[in-house]
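Report on one structure; see the data block that follows.
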Amino acid sequence: MAIALVALGLLTSGVSELLLRNVRPWPSTHESEPVDILIADGVIRGVGSGLAAPGAVEDANGAMVLPAFTDFHTHLDMTRLGLPFRPHTGGPTLADRIQNDLDNWRSGERSVADGAIYTLGRMISFGATRVRSHAQIDPDSGLERLAGVVAARDAHQQRCKVQIVAFPQTGILKSPGTEQMLDEALRSGADLIGGLDPQGFDEDAEAHLDIIFGLAQTHGVGVDIHLHDRGEVGAQQIEMICARASELANDVTISHCFALSSVDERRANSLVDAIAAAGVSVATVAPGTFAPMPLEQLRERGIGFGLGQDGMRDYWSPYGTGDMLDRTWQLAFTNGFRRDDLIEACVDTATAGGAALMGINNIGLEVGDVADLVVLPGDTVTSAVMDRPQRQLVIQDGAVVARNGQLV
Ligand SMILES: [Zn+2]
């Protein structure tokens with residue numbers, strides 16, 4: 001095994017150092033050989049065998065190492081993880097689920113902040129060190145939920161990078177006053193502006209999109225819009241979003257984007273062309289109830305693609321554990337993937353894919369990559385998706401932030 005070492009001169013006092021010994025980077029076969037990974041100042045400085053240990057040492061005993069996970073679409077303000085299990089009381093439609101949350105989110109069992117802090121900690125212990133969370137903004141809750149997600153970001157700032165989307169879950173046009181609250185949210189800790197089914201829910205796509213892209217321009221932020229609308233109604237909104245995205249300096253993401261998999265192939269191809277041309281990215285939560293996104297086509301076209309857990313055990317759904325490896329399995333399973341290379345592509349989406357969309361491009365396991373890593377036992381990357389073993393170590397910016405499922 002060739003030794004690749006650079007910048008050892010940087011390993012002077014004052015620089016945090018860590019040697020990860022006896023670890024197998026992204027093993028595609030069980031025969032892959034263990035190496036050492038030298039980390040200094042949050043960056044991988046060396047990968048090879050028999051590296052000297054200038055600082056702390058962690059012996060992985062032949063476990064695999066992957067880039068840490070990125071949950072690119074979640075709702076930290078909605079979760080009931082950690083609370084007693086509650087039977088689902090929502091109805092079958094989107095509006096029913098929104099109402100079920102509105103009726104119950106002030107359960108009195110704990111504050112939004114405590115729930116978000118607990119859930120984010122749990123996600124980190126499973127290996128997610130980058131998270132994009134939506135925070136609901138509506139006339140009922142005002143900025144209370146945003147404050148809870150900001151508190152979670154602050155509580156775990158040494159362990160995880162968090163982006164927050166100001167999310168109008170009850171619509172903008174349908175909920176008077178929301179536009180002003182979104183504006184305030186973007187001055188109060190939110191990093192991006194969200195949106196929700198401009199036509200299907202708010203019933204005026206032009207007006208809804210004008211508001212959120214206007215706020216994006218005013219505040220110089222990106223857009224991440226929930227688009228559940230399917231078929232041609234959804235397809236036309238994808239085109240409207242792409243047209244506006246071309247005029248915006250900041251990044252635009254379409255979350256869910258069910259229209260892509262609910263129109264015919266020719267129409268879907270034209271939408272993929274529009275998305276690629278506009279530089280828009282897409283996010284999925286790998287739902288089992290709709291045809292999956294054309295993952296391979298999106299990757300071939302170089303379209304940014306992220307994976308998230310969405311709500312976790314909340315008033316929308318009892319699903320979600322906080323573990324991005326569970327959701328990676330779900331992405332592979334709902335696509336019907338069996339080949340290792342396709343399942344490894346799901347892991348790449350769940351790690352580097354979402355990270356790139358959060359502006360972090362040097363995610364990997366080579367010299368020069370950021371040292372955001374997860375160490376876990378298992379034969380291969382694909383076996384880790386199938387078995388989902390306990391994480392031995394989670395490393396963020398070169399420092400151990402969780403060990404054996406517990407935060408440190
Ligand atoms: Zn969502």
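In this chain, residues are counted from 1 in sequence order. One-based numbering, in listed order, for ligands and for the atoms of each. Below, each value reflects all heavy atoms present in this structure, side chains not excepted, and no hydrogens, waters or symmetry copies.
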- Query: Is the gap between the ring centers of Phe201 and His228 under 6.0 Å?
  - Reply: no
- Query: Do you see a donor-acceptor pair shorter than 3.5 Å between the side chains of Ser141 and Asp138?
  - Reply: yes
- Query: Cut-off 3.5 Å, side chains only: do Ser255 and His226 have a donor facing an acceptor?
  - Reply: no
- Message: Test side-chain contact (heavy atoms from CB on, under 4.5 Å) on Leu407 and Val401; report intermediate values, then the result.
- Response: CA-CA 6 Å; Leu407 297 180; Val401 297; 5.8 Å; no
- Mind checking the CZ-CG spacing from Arg145 to Leu143? Nearest 0.5 Å is all I need. 12.5 Å
- Can you tell me which residue pairs pass the ring pair (Phe, Tyr, Trp, His ring centres under 6.0 Å) test with a partner in residues 272-292, sequence neighbours excluded? Phe258-Phe290
- Number of protein N, O or S atoms [distance to the Zn ion (ligand 1) under 2.8 Å]: 4
